[in-house]
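Scope of the values below: all heavy atoms of this structure, side chains included, with no hydrogens, waters or symmetry mates. What you see is a predicted model, and the numbers here were worked out from it, not measured in a lab. Whatever order the structure lists them in is the order used to number ligands and atoms, beginning at 1. Numbers for residues simply follow the sequence, beginning at 1.
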Amino acid sequence: MSTTFNFIRKNVFVVGGTSGINFGIASGFARWGANVVVASRKEQKVANAVAELKALGASANGVTLDVRDYEQVEDGFESACKFLGGDIDILISGAAGNFPARVNDMSPNAIRSVLEIDLLGTFHVMRAGFNYLKKPGASVINISAPQAFLPMAHQAHVCAAKAGVDMVTRTLSMEWGQDGVRVNSIVPGPIAGTEGMDRLSPTPDLQAAVAKSVPLKRLGEFHDIAHAAGMLCAEESSYISGVVLPVDGGWSQTGATSVMDKMSRMLDTIKP
Ligand code: NAP
Ligand code: COA
């Protein structure tokens, strides 16, 4: 077990935690001694993620659910807490869907699907999850995206949804503070080896251009985001709430507009 942080016997639930950045966070907490439950739609992905977490030595389990369905989310919390044997110390909410498309090329259902996963899904996880959080002491992290404050063509649905997610985070930090629950957002920058990067920067040249545009001159890694989550959830951070934290090598400070423009011009040339 890595000793970077101590989360021994803490109960962690990662919604949307079966791949990519969120699985990286789940793996971090597994390495730091926590009991971890991950949830997402696809049974096989859930099973694979649980097997990998167990291989790290963690007590781990999985739940199959779609965040768009409130009842499935409620049932998911109930079975997660049954496995964990108590309330949740750390809740990560990061389920998301994304595809690049201009608004004029999106059907109403396409727009709805992203808003329902990212924004309504966040509401569902927060609304159902509160009853299962350890009070006082729980820490909640919503996973946002730079599109929450940097507009990008082909991303109006994600921009709107993630901007909403950040406002949910900030509002809940006010509503839940009196219960001793902290609520923060992490805004990952461009992270290597992810579904999100593959969809938005689908060529090696473009990924290299994105990396070059980051002040620290590299794409982020899974462990960069996992460590930020560990830092925010550590007891030493017990006065941090309502923060929307970019973890992006300084990318958001640049505005990132020129590279995002380059990304969207290239996406125009790739028709589905
Ligand atoms: P990913 O691997 O596709 O992760 C998305 C996760 O959400 C998967 O576990 C997926 O599993 C689950 N999911 C999707 N729809 C769901 C639904 N309706 N109900 C329940 N679970 C659902 O993508 P990623 O690129 O690592 O992104 C992870 C998070 O980071 C997202 O919130 C994204 O917006 C954010 N982010 C990513 C980047 C980046 O560089 N990639 C940058 C900034 C922010 P199933 O398919 O099994 O449901
Ligand atoms: N351009 C325009 N519309 C698109 C599209 C694209 N590239 N991809 C999907 N859509 C539309 C579909 O045509 C459909 O609309 P319709 O019913 O009017 O035809 C609508 O979006 C929903 O698609 P569907 O595939 O039925 O939804 P789903 O619930 O199975 O999947 C998605 C949701 C579309 C968000 C899918 O991409 C997904 O599951 N993503 C999860 C992984 C991911 O995106 N990871 C990156 C996170 S940053």
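The hydrophobic cluster analysis finds Y239 isolated: no Ile, Leu, Val, Met, Phe, Trp or Tyr side chain comes under 4.5 Å of it, directly or through other members. Apart from V158 itself, the hydrophobic cluster it occupies contains F99, V103, M106, I111, V114, L115, where clustering links Ile, Leu, Val, Met, Phe, Trp and Tyr at side-chain heavy-atom distances under 4.5 Å.
At a heavy-atom distance under 4.0 Å, no atom of T194 approaches ligand 2. Only the side chain of S107 comes within 4.0 Å of ligand 2, judged by heavy-atom distances. By the criterion of a heavy-atom distance under 4.0 Å, the side chain of R41, and not its backbone, is placed next to ligand 2.
Distances from atom 43 (C) of ligand 2 to the heavy atoms of A96, S19, G94 put A96 nearest. When the heavy atoms of R199, E116, E195 are ranked by distance to atom 40 (N) of ligand 2, first place goes to R199.
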Criterion side-chain hydrogen bond (donor to acceptor under 3.5 Å, both in side chains) on Q155 and N98, from CA distance to verdict: CA-CA 8 Å; Q155 289 287 276; N98 192 355; 2.9 Å; yes
Report the C-alpha distance between K45 and S19 in whole Å, list the side-chain angles of each, state the deciding distance to 0.1 Å, and finish with yes or no for side-chain hydrogen bond (donor to acceptor under 3.5 Å, both in side chains). CA-CA 8 Å; K45 272 180 82 169; S19 63; 3.1 Å; yes
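Short contacts between ligand 2 and A101, defined as distances under 4.0 Å to a heavy atom of the residue, involve ligand atoms 1 (N), 2 (C). Counting atoms of ligand 2 from 1 in the listed order, those under 4.0 Å from a heavy atom of D105 are 2 (C).
Using modelled atom types and a 3.5 Å distance limit, the side chains of S185 and S144 yield no donor-acceptor pair. Neither side chain, E52 nor N48, offers a donor N or O lying under 3.5 Å from an acceptor on the other. There is a side-chain donor-acceptor pair under 3.5 Å between T169 and N142.
Side-chain atoms of S237 come within 3.5 Å of backbone N or O of M231 as a donor-acceptor pair.
At least one heavy atom of R68 sits under 4.0 Å from some atom of ligand 2. Put simply, no part of M106 is less than 4.0 Å from ligand 2, judged by heavy atoms.
The list of salt bridge (charged side-chain N to carboxylate O under 4.0 Å, His left out) pairs with a residue in residues 218-243, not counting sequence neighbours, reads K10-E235, R218-D224.
Contact residues for ligand 1 (protein heavy atom closer than 4.0 angstrom to any ligand atom): G16, T18, S19, G20, I21, N22, S40, R41, K42, K45, L65, D66, V67, R68, G94, A95, A96, I117, I143, S144, A145, P146, K162, P188, G189, P190, I191, T194, E195, G196, M197.
For D87 and K135, the salt-bridge test fails: no basic side-chain N is under 4.0 Å from an acidic carboxylate O.
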